[in-house]
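Throughout, residue positions are numbered sequentially from 1 according to the sequence presented. Whatever order the structure lists ligands and atoms in, that order sets their numbers, starting from 1.
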Amino acid sequence: MYSIEKSKELFARAQESIPGGVNSPVRAFKSVGGTPLFIKNAKGAYLYDVDGNQYIDYIASWGPMILGHAFEPVVKAIQEYAVYSTSYGAPTELEIKMAELIKSMVPNVDLIRMVSSGTEACMSAIRLARGYTGRNKIIKFEGHYHGHSDSFLVKAGSGVATFNIQTVPGVTAGVANDTLTAAYNNLEEVKALVAANKNEIAAIIVEPVAGNMGCILPQPGFLEGLRAICDEEGIVFIFDEVMTGFRLSTGGAQARLNINADLVTYGKVIGGGMPVGAFGGKRAIMEKIAPLGGVYQAGTLSGNPIAMIAGYTLLSTLKNNPNLLSELDEKTAYLHKGLEKVLAAHGKPYRINRLGSMISVHFSDHDVIDFATAAAANNDKFKAFFHKMLEKGIYLPPSPFEAWFLNNALSYEDLDRTILAAEQSLGDI
Ligand SMILES: *Cc1c(COP(=O)(O)O)cnc(C)c1O
């Protein structure tokens, strides 16, 4: 009998001293209802909650656990380095090795700065683009999530979309006014914004493959069109690769889609499960960052040695074994095919979007190509599906506005179990 009594107890206790009982909103299960599971431990593709239930994990810590939980080389490296001290606040050779490794993997990065989260990376990249161009405004896309810094909380994806927050209290009108938004995959809207704000736009920031409103692919020509606009108008083109970086390929979306960005931001996979982000790009732009230039950006724990060795170990494993990401892509394609079959048999409308190991299911009778079409899907049906899957030991992201994150510790048996669970869950909703 499936029981989550201990999670319920912990959730009640957590709410006494942590806002909403969680330290990041989507974890609260608010949009799907029910009690968030408190996790005890994880290994490979499996999560174990405090009640002893086992789940096949499709969150992978929202990306970082791309080779599975407690991946031994990463665990060993952390153990080895922890005894030397966990932080110095002074430079280490490890930071150089990390920067060199990333430069060897991804295109268009001359200089790269480490930070402690994806939020920090995106926030810093925007400040840098503003400092570099001397312009104030930015263009972002509806339903895209670039972390929780003020500029980005306008028509944002992820938790902001999940909780249907239209305007975020605490973000001033001045900041909001400098953030222009367009529909993803709509080049005409971008052109109109650029024309109406001539020489005022510092940057266009995009999730090259959107993952914070479910997974949504760029339509052919969209990213190329943005690249051309940025070139013509002197706008800094920023790829937010916090989700796609080191997942879509060892060179990220830039390499997989063959498009150059001026600045790129990283997070999630880059830290191997430790708090790491990074932003990097063309030398002429990156040289404006302090101490070379006047655009100030700093961090007490930036380049932290334990975080660096965890990230370095994971990234070098991916670099040296390109088969790992292609195996993961194949597994995701297998899941895609299996889900396609059971959803088609179920007979209710659905759309599956996928690129590589990013995938999501929308219960929708129309193609999902932007935020409006994602929001118009039958998201109540997703909630019911989510809970049925959870009871069967399949841990999906607790929101239709999130991509599923596969990890390469998943076996084909796990995938078959997931497809069977989907078939049974669909029969019940
Ligand atoms: C997760 C995410 C962020 C924010 O990263 P944090 O480490 O949570 O601050 C930014 N951009 C994208 C595309 C993300 O998926």
Ion pair present between [X] and [Y], side-chain N to carboxylate O less than 4.0 angstrom?
{"X": "R256", "Y": "D329", "answer": "yes"}
{"X": "E200", "Y": "R135", "answer": "no"}
{"X": "D262", "Y": "R227", "answer": "yes"}
{"X": "E188", "Y": "K191", "answer": "yes"}
{"X": "R351", "Y": "D367", "answer": "yes"}

In terms of residue, atom name and distance, what is the protein heavy atom nearest to [atom]?
{"atom": "atom 9 (O) of ligand 1", "answer": "T119 OG1, 2.6 Å"}
{"atom": "atom 6 (P) of ligand 1", "answer": "G118 N, 3.5 Å"}
{"atom": "atom 3 (C) of ligand 1", "answer": "V242 CG1, 3.6 Å"}
{"atom": "atom 12 (C) of ligand 1", "answer": "Y145 O, 3.2 Å"}

Check ligand 1 against [X] and write out every atom of the ligand that is under 4.0 Å from a heavy-atom position of the residue.
{"X": "G147", "value": "3 (C), 4 (C), 10 (C)"}
{"X": "S117", "value": "7 (O), 9 (O)"}
{"X": "E207", "value": "13 (C)"}
{"X": "H146", "value": "10 (C), 11 (N)"}
{"X": "K268", "value": "1 (C), 2 (C), 3 (C), 14 (C), 15 (O)"}

So with a 6.0 Å cut-off around NZ of K282, is the heavy-atom count from everything else above 12?
-> yes

Backbone or side chain, does any N or O of N212 fall under 3.5 Å from an N or O of ligand 1?
-> yes

When only distance counts, is M243 in polar contact with ligand 1, meaning an N/O pair under 3.5 Å?
-> no

Judged by modelled atom types alone, do N353 and S360 share a side-chain donor-acceptor pair under 3.5 Å?
-> no

Looking only at non-hydrogen atoms, which of V209, D240, T265 approaches atom 11 (N) of ligand 1 most closely?
->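 Nearest option to atom 11 (N) of ligand 1, by heavy atoms: D240.
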
Report yes or no: is the cationic atom of K97 (NZ for Lys, CZ for Arg) closer than 6.0 Å to the six-membered ring centre of Y312, at no more than 45° off its axis?
-> yes

